[in-house]
Each structure stands twice: as structure tokens, then as C-alpha cells.
Amino acid sequence: MDIKRELEQGLEKSIRDSRDYEVYVSLVELVNRLCAGKEQPSKGKKLYYISAEFLMGKMLSNNLLNLGIYDEVKKALEENGKSLEDIAEAEAEPSLGNGGLGRLAACFVDSMATLGLNADGVGLLYHFGLFRQVFKDNSQTELPDRWGDNHKILIPTKREYTVSLGGKDLKAKMYDIFVTGYKNGSRRLHLFDLEGVDEGVVKQGIAFDKKKTDKNLTLFLYPDDSDEDGKLLRISQQYFLVSAGAQMILEDCEEKGGKPEELHKHAVVQINDTHPAMVIPELIRLLIKKGVGMDDAIRTVSLTCAYTNHTILAEALEKWDYGLLKKAVPQLMPIIDELDKRIKKKYRDKSVHIKDENNRVHMANMAIHYGFSINGVAHLHTEILKNAELNHFYKIYPEKFNNKTNGITFRRWLLCANPQLSEYIEKLIGAGFKSDFAQLSKLMKYADDEEVLANIINIKKNNKKKLAGYLEKNCDITVPLDSVFDIQIKRLHEYKRQHLNALYLINKYMEIKSGRYPKTPITAIFGAKAAAGYVMAKDIIHLLLCLSQLAREDGKVSKYLNIVMVENYNVTKAELLIPACDISEQISLASKEASGTGNMKFMANGAVTLGTMDGANVEIHSLVGDENIYIFGAKSKEVMARYKAGSYDPKDYYDKNEKLKACVDFISGEALSKLGDSKKLARLRNELLTKDYFMALPDFEDYVEVKDKALDDYEDRMLWAKKMLMNIAKSGYFSSDRTVEEYNSDIWHLG
Ligand SMILES: *Cc1c(COP(=O)(O)O)cnc(C)c1O
């Protein structure tokens, strides 16, 4: 293909005379043309992966790589005075997701396309995403993330569906994004947008009139639902997604000549967490409208739908007030009533009922009863579901429960994000690993090869240099290149325990002030958005930003310790941060992190995990062995026993441990209060001292000890490099190709 000619036809001028953005647009058009040519006719049963989020990240580089024209395009641009890197900068990151669950969905569509499965994604087209995070006075503020202006990746379609909300008819218009598989066909991500949506209703920050559903429905992901209007809006968004999705699915089925009552032979719907669970009653409702009887409708839909559970945190297992549901989606209530009635007739155990005594509808319960599969997302998580959280369901339906340990697409997270490492691996073991990541294990034979280890260290150094350059330019902070890069990037949540990391850094700060210096300087990097209404999470961000300033402005300290909080953490930032990481912080309270996928990305890029026995850390540990991971803290059994006993008091730990006491008190002490809001800091200290619901204090001592051991081990660079290599070599298991293949062979059964 003559790339230059292809691009210049679109540009109607030379590449050299075009602006980066114009070249970007022309490249997207080329990618879309190529993808369209690679679409396969939809044959046999089709999988619909329905999700409130798809955290896609920038698409261009990944698409060029998967299409096999990355190098060719790069060269053509360079010959014409452009750089692909600059042009990729012109792309706005689609803001269609929030965290791990959305990123998983994005990795899955990549893998589905790569494996050539008959499968598409189904989601919503949020104009402003979650929000764009901006730091002001050491605190988080939120602005609309207006990513979509001129988003050429969106392809309008002719499909549109009417969705009734609160008795009013709204129109859902479908847009598609092409997803290219690696050296294979392309699939589509279908996104529904509200016709007539009005960006103008957003006034200050991310505030807007929540009542105007007919104007605001597809503006934001997870709008604040602390009041009734917010809850109604969330329900409305969810129903809009599932109703439009269900209509599309039935239309597809009909086009293939399928009978409505045999939907399960033509479609399988994977429900990503509870947000799209209403697809079950909606499909039943639509089938009944087509003349199918209630029993048959329930039967076929139950054979069509499968549910993935992503968390055991009670707050995330959605329960909607019956009255609110009735207000937003009255047409659905007879179906939900019927589903609930059938369960109540069969089971007296209230914990498995759909509608509870407080008139709340449990979405997960509905999905488990009326789906044919429920899966957890890592071994430990699924065991906890079976034996504790959902034990009552497990007893009824042992055959429905299964585990699908999460994965990541190495195309994005290794090949694109870390081209140097990827090329070097290819030199060592050949290109086979690029389509079969288990082959990374061939690296094992180099575990004691000093030349290889030195090269891996060198590649890490180059990635650190690149990140340091970015931090210098964008965060106005100079970090020593020879420091150890210790990184915790993920959504801000108490269970993820960024504040435990903060307590460690406070301790380190005090050590430095008293003349005890680390052998190698430490660069601690954070990136995290807190939900706009989540007070404690925002207080933790405030603490981190104040700490960052404290260390930065103290010349004696900053030689040894730098603390950086990257603004507006997203996929693009992750791609820059992860390849530069030495220590990957995965320190959630054991039993609380369902899987984590950040942990896998770091591992694949040669970072060593410092973590608890939680989520997929457990599997990382068994793959790499004690030598190549740093494990600390209470185990999940201990934690669950502690919760059950109900006797945990953080004060016991605070009183017993001088060092811990000093660190906790430091939070609201003079040094930080001078830099921030003493009210927020005192509130945070008080919370830790009186509640500490996620038990940071009991794990503090062990965390400090094990982290210091890791830093000590880092001094022996060759030994450390061996750990890096072992992590890379064992990471192939976490390819989302493996995960998706398991979904297909155990749940979807596509041709
Ligand atoms: C991978 C990823 C996550 C999930 O990270 P965890 O550490 O697994 O919570 C969240 N946000 C972004 C941008 C990611 O790329």
C-alpha cells in the first residue's frame, strides 16, 4: 500500500503541508477503510459484551499495530517531516470508562477481534466521560472531559431505537467504533447516544440539571447519585443502554432468520457487572411483545444471558429502590415482579430474593437466577463468591459458578507501550510471542545471562528517562533518574489503600529528616481519580498532594524522596508510567480487590509487585514464586474473620506502635496543615483512628518492613534484573486472549 498516496488523497495536500491533527484525521479515515474491508459476515451465534464502560485508550497506534502497518506508516510520516508520536498526541483519549472494569472490556474487544470471534461490544456514548481531573490548592476539582469534538473514530450508523423512559419516548442513535484484531478481522463496538442530547445543560464544573433526562442522558458516566434525581438518572442510563441493546440483538436475530423464542441459539449476552443487568427483564419484555409466552421468554433469555461479578463490595452490588424503578421504567415492573414471584415461591431464604423487605431490587440476584453463568474474575475472588458472599446462590446453582481470571491485551500494554522491550524480546525469542504470549516463558533461559539482564536494565532506564522528561515538562518536578520508581496508579478507593502508601512515605520523610537516608533515592508516583462525591477519597488525594509539596520544597528531602501525583490519570498516562516502573504497588486489603489488571500490566513490563495476597496478586505469586514478588499483610481469611468478629479497633494498633502513631498524627500535624486544609487533614486522621474500615493500620508494620526489604534488594541491580525478567517471562498467562478463549470455551460456545 502506498501510505503517502492514501493519506494525501484524504488531505488533498501534501503531508508536509498538513497540520498534525489533519494527518491524524486522514490516518483515522485510512484505518476505518482498512477495518471495513476486514469485517467478516456475522455467522452463527453471536456474543454481545454489554458494559457501562469501555476504557479504550487512544486507538490510532494500537490499530496501526494490529493492522500490521505501524512501521510502514511511521516511516512514511518520517520521510515527510512528521512523527507518528506527535500525530498520536493529537488524538483525544475516548472518555468512555472509569477504571479496571472498563479497561477489561476494552482488552476483551481487542482479544475478541484478534481471535476472530463473532462478538461485538455494546455500550453508551458519553460526551464528557467521568470527568477531567484538575488539581487546585492541593485538591481535586472536576471538569467535563470533552473528548468527543471531531471524534473521527465514531462511525454513524442507520440504526436507531425508541426507548421509553418515565413514559416519554427517547431516541437512541447507534455509533460504531472499529476494533481491529491483531493480524485478523475487525469487530465493532456499538455505542448508543441520545438524540437531542444537549451539552449546554452543563453549567459549572460537572454540575447540571439532573431532571432533564431528555437532554442529559448520555453526557456523563456515573453521574452523582447521592440524591433521588441522580439515582433516577442512573437507572435511566442503564435502561437506555439495555433497551437499545436488546432491540439491536433481537433485530440481528431476526435478520438471521432466528425465531424470537430461540434467541439463545443466535445470541449470548455477557453482562459486565450489574449495570446492564436490566437487559434480562428487557429482553423478556420484548419477546413477550413479539408474542412469546412468559415461560418461554424467561427460559430463552435465561439461556442467553451470563453475568460477570466484579466486586464483593456491597456498595457496588446495585440495589434499586422499587419506587424509583417504577418511575423510570414502569413497563419493566410486571416482568421484574414475575421474576421475583417465581423465586419467592421456590426459595424461602430471603438472601436470594430479588425484591427485598425494603422494596429494593437486587440486580445481581436477578442476574444470577435468570442467567446461565456467573463468574468471578480471579481465583481468590471466585472462591470468596462461592464460599462466602454468594454462598446461598452457590448452593442452589453450583454448576453456574465459574472463574475467569482477568487478562490484558499485550498488544497495547507491551508491544505499543514498550516498543524497546518488545523489540528486544523479539530478538531473544523470536516473534511468536506476539500472537501467543505464553511463549514469553522462553525468556526463562536468560535468567542468569548478565548481558541480557544489563540490556533489560538499560531499557527500563530509557523508559524512566522518558517519564522523567514528561514529569519535568508537565508536572514541574525533576526526579532523579537513578532513583527507584515506585508507582501506585489506580482509582482512588479506601480499599486500594493509597493512604497506607502515604503512611509509609510519611515514615520515610521522618527518617530522612532525622538523618537516615535511603541508599537509593525514591520516586513515589501516584495517579488516581476519586469519585466526585467520595469525601474520604478526595481527602486522601489532598494528603498526597500536600505530601508531594512538602517533600518537593524541602531541598534536603527531595534529594532522597520525591512524591508525584500525576493529574487526570488515564490510559494514555498508564502507557507512559507502567514501562518506567520498578515497584508495582498492589496493596489492597486482602479479599477486597476482585482481580486487578494494573498488576498484570506492570508485571509484563518488568516491574516487581509489592502486594497483599489479594485478587490476581495471588496468581502472580504462584507464577513467579516468593523470590520474585514482595508479599505482606493480613491474608483474606484473617481479614474476613476480623470483620466477622466485629472487634477491630484501629486505636489498638495506634497505641501499640510509636512509629505508626507518629505517622498518623503527622497527617493533621503542623507541617502538612500549613500546605493544605487542616479540616480535611484532621478529618482523614480521625477516620483512620476511629474507623479504618479497610484495616490499613494492622498492615502498616509489615508493609514498612517488606517495602524496605524490596528497596534493599534493589541495591543488587543484577539480582533485581533477574526478578524483572522472571516477571516478564511468567506474565503470558495474563493475556486477555487466554481469558477470552476461556469465556468462549466455557460460556459462549461460539462457532
Ligand atoms: C488498568 C487500568 C486500571 C485498573 O487498574 P487496577 O490497578 O487494576 O485497579 C484503571 N485505570 C486505567 C487507566 C488502567 O489502564
Side-chain angles (χ1 to χ4, degrees), residues 20 24 55-65 70 74 83-95 97 99-100 102-103 106-107 132-135 145 147 408-424 456 458-481 483-491 523-529 544 548 562-586 597-607 724 728 731:
D20 284 352
Y24 162 70
L55 191 53
M56 302 301 284
K58 293 191 183 194
M59 310 276 297
L60 181 63
S61 297
N62 203 249
N63 282 339
L64 295 176
L65 178 99
Y70 185 93
K74 195 172 150 105
S83 101
L84 182 52
E85 208 159 306
D86 287 347
I87 284 160
E89 289 250 332
E91 177 179 3
E93 177 174 329
S95 194
R103 187 50 235 171
C107 285
R132 185 160 63 83
Q133 180 191 54
V134 177
F135 297 143
D145 190 3
W147 66 278
I408 56 167
T409 164
F410 280 58
R411 264 87 56 189
R412 177 175 293 267
W413 293 109
L414 180 61
L415 274 50
C416 276
N418 200 342
Q420 253 197 10
L421 182 59
S422 171
E423 276 159 35
Y424 186 56
I456 285 179
N458 199 41
I459 291 168
K460 182 65 78 180
K461 201 173 280 167
N462 291 338
N463 290 327
K464 286 161 87 163
K465 206 181 282 176
K466 187 170 159 206
L467 173 58
Y470 173 88
L471 295 176
E472 181 114 39
K473 198 169 143 211
N474 295 282
C475 306
D476 203 22
I477 186 163
T478 312
V479 300
L481 279 180
S483 61
V484 49
F485 281 29
D486 170 79
I487 305 188
Q488 185 171 18
I489 44 175
K490 46 184 76 247
R491 285 304 303 276
T523 297
I525 303 175
F526 294 87
K529 289 184 190 176
L544 294 172
S548 168
N562 279 286
I563 301 167
V564 189
M565 178 99 194
V566 176
E567 203 170 49
N568 198 41
Y569 172 58
N570 59 14
V571 175
T572 310
K573 304 262 164 82
E575 288 166 359
L576 179 68
L577 288 157
I578 290 169
C581 177
D582 295 309
I583 297 179
S584 155
E585 298 269 355
Q586 309 299 337
T597 49
N599 45 5
M600 303 166 186
K601 302 168 197 165
F602 281 108
M603 179 190 189
N605 282 276
M724 295 166 65
I728 301 165
S731 66

Practice problem: Would you indicate whether the side-chain heavy atoms of Leu577 and Phe485 approach each other to under 4.5 Å? | Solution: no
Quiz item: Distance from Glu423 atom CD to Asn418 atom CG, nearest 0.5 Å?
Solution: 10.0 Å
Self-check item: 4.5 Å side-chain heavy-atom contact, Val566 and Leu471
Solution: yes
Exercise. Would you check if the side chain of Lys460 reaches a backbone N or O of Pro579 as a donor-acceptor pair within less than 3.5 Å?
Key: yes
Quiz item: Looking at CG of Asn462 and CG of Leu481, how far apart are the two atoms once the value is rounded to the nearest 0.5 Å?
Solution: 10.0 Å
Practice problem: Give the minimum heavy-atom separation between Thr597 and Gly100, together with the two atoms involved. | Solution: OG1-CA, 4.4 Å
Quiz item: Checking Lys58 side chain against Ala90 main chain: does a donor-acceptor pair fall under 3.5 Å?
Solution: no
Quiz item: What's the spacing between Ile728 CD1 and Ser422 OG if we round to 0.5 Å?
Solution: 11.0 Å
Quiz item: Can you find a pair of side-chain heavy atoms, one from Leu467 and one from Lys573, that are under 4.5 Å apart?
Solution: no
Quiz item: How about Gln586 and Met603: do any of their side-chain heavy atoms sit closer than 4.5 Å?
Solution: no
Exercise. Of all the heavy-atom pairs spanning Ser483 and Lys464, show the shortest one and how long it is.
Key: O-NZ, 3.0 Å
Quiz prompt | Closest non-hydrogen atom pair between Ala528 and Tyr569, with its separation | solution = N-CB, 3.7 Å
Practice problem: Would you indicate whether the side-chain heavy atoms of Tyr70 and Leu415 approach each other to under 4.5 Å? | Solution: no
Practice problem: For the pair Lys74 (side chain) and Ser83 (backbone), establish whether a donor and an acceptor sit closer than 3.5 Å, ignoring hydrogens and angles. | Solution: no
Quiz item: Hey, what do you get for CD1 (Ile477) to OG1 (Thr523), rounding to the nearest 0.5 Å?
Solution: 8.0 Å
Exercise. Check Asp145 against Ser95 and note the closest heavy-atom contact, atom names and distance.
Key: OD2-OG, 2.9 Å
Quiz item: For Met56, does its backbone N or O pair with a side-chain atom of Arg412 as donor and acceptor, under 3.5 Å?
Solution: yes
Practice problem: Report yes if the side chains of Asn562 and Pro480 come closer than 4.5 Å at any heavy-atom pair, otherwise no. | Solution: yes
Quiz item: Does any N or O in the side chain of Asn605 come within less than 3.5 Å of the main-chain N or O of Trp413, such that one atom is a donor and the other an acceptor?
Solution: yes
Quiz item: Tell me, do Thr409 and Asn62 make a side-chain contact under 4.5 Å, heavy atoms counted?
Solution: no
Quiz prompt | Ser61 side, atom OG; Arg411 side, atom CZ - distance, nearest 0.5 Å | solution = 15.0 Å
Quiz item: Just by modelled atom types, is the Asn570 backbone N or O under 3.5 Å from a matching donor or acceptor in the Glu93 side chain?
Solution: no
Quiz item: Hey, does the side chain of Glu91 reach the backbone of Met59 with a donor-acceptor pair shorter than 3.5 angstrom?
Solution: yes
Exercise. Say whether, by atom type as modelled, one donor and one acceptor occur between the side chain of Asp582 and the main chain of Asp486 under 3.5 angstrom.
Key: no
Quiz prompt | Closest contact, heavy atoms only, Leu421 versus Ala604 | solution = CD2-O, 4.1 Å
Self-check item: Residue pair Ala106 / Leu55: nearest heavy atoms and the distance that separates them
Solution: CB-O, 3.3 Å
Quiz prompt | Interatomic spacing from OG in Ser731 to NZ in Lys601 - rounded to 0.5 Å | solution = 13.5 Å
